[in-house]
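A short worksheet on the structure shown next.
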Amino acid sequence: MNTSPEIAIIEPNTLTCLGLKGILEKMIPMATIRIFRRFNELMDDTPDMYAHYFISAQVYVEHNAFFLPRKRKTIVLASDSPQFQLSGVPVLNIYEGEEELVKSILKLHQHAHHGGYPMKDMPPVPAQQPCQELLSAREIEVLVLLSKGLINKEIADKLNISLTTVITHRKNITEKLGIKSVSGLTIYAVMNGYIEVDRI
């Protein structure tokens with residue numbers, strides 16, 4: 001039985017679609033992500049099978065009769081607009097940087113799935129074995145501080161270690177996990193329970 005979630009992106013802008021698809025594939029590697037340029041393409045598919053709908057503000061406004069009953073699964077791609085906040089629909093600000101987008105998506109996921117599929121059902125990213133076997137206790141401390149946005153010097157000061165030691169730990173973390181970006185490391189730390197999204 002295939003339990004991997006399916007996610008629909010309904011957005012006419014190709015760059016927005018491809019960028020969001022890339023971020024979601026990194027965050028939820030077991031998900032199937034489908035792109036639809038227009039609402040009627042979604043309707044020609046099987047529209048009720050999706051765990052989430054990432055939709056442009058225009059599509060939401062024009063077809064809210066479809067999305068309102070699916071409000072828990074709907075995320076509007078827009079600037080952080082007050083009009084959508086009033087209707088209780090989650091908004092993803094597409095003008096944020098990658099790290100902020102990742103954090104926003106993780107927050108939306110936590111709020112949306114109190115009764116749905118929980119975060120613990122998602123596999124570790126990207127390693128399939130427990131984090132404790134991969135990283136030392138000190139590397140985990142460095143990973144957590146990196147995820148919170150601290151730079152090497154700040155991490156060294158906070159942990160009372162040299163700057164060279166921090167750089168060595170970062171190199172080891174990157175090699176062990178195969179993750180180079182801070183946003184990827186943040187996703188890994190959240191998925192493995194080392195940090196909560198609200199504390200990032």
Side-chain angles (χ1 to χ4, degrees), residues 4-5 7 9 13-31 33 52 54 75 77-80 90-114 117-200:
S4 60
I7 296 171
I9 301 172
N13 184 303
T14 302
L15 289 176
T16 302
C17 286
L18 294 176
L20 180 58
K21 183 177 184 200
I23 290 170
L24 291 171
E25 284 173 341
K26 275 196 251 177
M27 292 178 69
I28 318 167
M30 78 289 197
I33 296 149
H52 288 291
F54 287 83
I75 295 129
L77 304 173
S79 59
D80 204 4
V91 175
L92 184 63
N93 185 349
I94 58 173
Y95 299 106
E96 292 178 328
E98 183 181 359
E99 284 182 45
E100 288 306 311
L101 276 170
V102 166
K103 291 174 188 177
S104 297
I105 292 168
L106 287 168
K107 283 181 186 174
L108 290 171
H109 176 83
Q110 282 186 335
H111 293 303
H113 289 292
H114 288 304
Y117 65 91
M119 194 73 116
K120 67 178 172 53
D121 287 349
M122 298 177 73
V125 178
Q128 296 302 315
Q129 50 187 299
C131 186
Q132 290 82 353
E133 294 174 16
L134 291 175
L135 302 179
S136 69
R138 181 61 91 184
E139 287 167 347
I140 291 167
E141 289 176 318
V142 171
L143 173 66
V144 168
L145 294 174
L146 274 172
S147 300
K148 292 181 178 180
L150 274 66
I151 60 173
N152 290 346
K153 171 104 176 69
E154 293 170 325
I155 294 170
D157 292 345
K158 194 151 184 103
L159 298 178
N160 291 323
I161 56 178
S162 73
L163 186 59
T164 309
T165 304
V166 173
I167 292 167
T168 302
H169 284 314
R170 282 189 75 159
K171 183 175 177 267
N172 291 341
I173 291 166
T174 300
E175 286 175 1
K176 287 179 179 182
L177 301 181
I179 303 171
K180 293 181 181 171
S181 69
V182 174
S183 60
L185 291 171
T186 302
I187 294 166
Y188 186 90
V190 170
M191 296 293 194
N192 284 280
Y194 289 111
I195 52 173
E196 293 176 25
V197 180
D198 294 335
R199 300 201 176 164
I200 299 174

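Remark: Lys26 engages Glu98 in a salt bridge, criterion side-chain N to carboxylate O under 4.0 Å. Between Lys176 and Glu139, at least one side-chain N (NZ, or NE/NH1/NH2) sits under 4.0 Å from a carboxylate O, which counts as a salt bridge.
Rounded to the nearest 0.5 angstrom, Ser136 OG and Asn172 CG are separated by 8.0 Å. Interatomic distance, NE2 of His169 versus CG of Leu135, reported as 11.0 Å (0.5 Å rounding). Taken to the nearest 0.5 Å, the CZ atom of Phe54 stands 5.5 Å off from the CD1 atom of Ile7. To the nearest 0.5 Å, atom CG of residue Asn152 and atom OG1 of residue Thr164 are 10.0 Å apart. Here Leu146 contributes atom CG and Arg170 contributes atom CZ; the two are 4.5 Å apart, rounded to the nearest 0.5 Å. Atoms CG and OG1, from Leu185 and Thr174 in turn, are 5.5 Å apart once rounded to the nearest 0.5 Å.
The side-chain heavy atoms of Leu20 and Ile105, taken from C-beta on, include a pair separated by under 4.5 Å. Contact of the Leu159 side chain with the Arg138 side chain is registered, since non-hydrogen atoms from C-beta on lie closer than 4.5 Å.
For residues 13-22, the set of pairs meeting the salt bridge (charged side-chain N to carboxylate O under 4.0 Å, His left out) definition, not counting sequence neighbours, comprises Lys21-Glu25.
Under a 3.5 Å cut-off, the side chain of Glu154 and the backbone N or O of Ile151 do form a donor-acceptor pair. Checked by atom type and distance alone, the side chain of Thr165 never pairs as donor or acceptor with a backbone atom of Ile161 at under 3.5 Å.
Closest approach of Ser104 and Leu92 over heavy atoms only: CB-CD1, 3.6 Å.
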For this session: Applying side-chain contact (heavy atoms from CB on, under 4.5 Å), run through Leu24 and Ile9 and close with a yes or a no.
Result: CA-CA 10 Å; Leu24 291 171; Ile9 301 172; 4.2 Å; yes
For this session: Would you sort out whether Ile75 and Val91 count as a side-chain contact (heavy atoms from CB on, under 4.5 Å), showing the intermediate values?
Result: CA-CA 6 Å; Ile75 295 129; Val91 175; over 6 Å; no
For this session: Evaluate the side-chain contact (heavy atoms from CB on, under 4.5 Å) criterion for residues Asn93 and Glu96: first the C-alpha distance (whole Å), next the side-chain angles of each, then the deciding distance (0.1 Å), finally the verdict.
Result: CA-CA 6 Å; Asn93 185 349; Glu96 292 178 328; 3.8 Å; yes
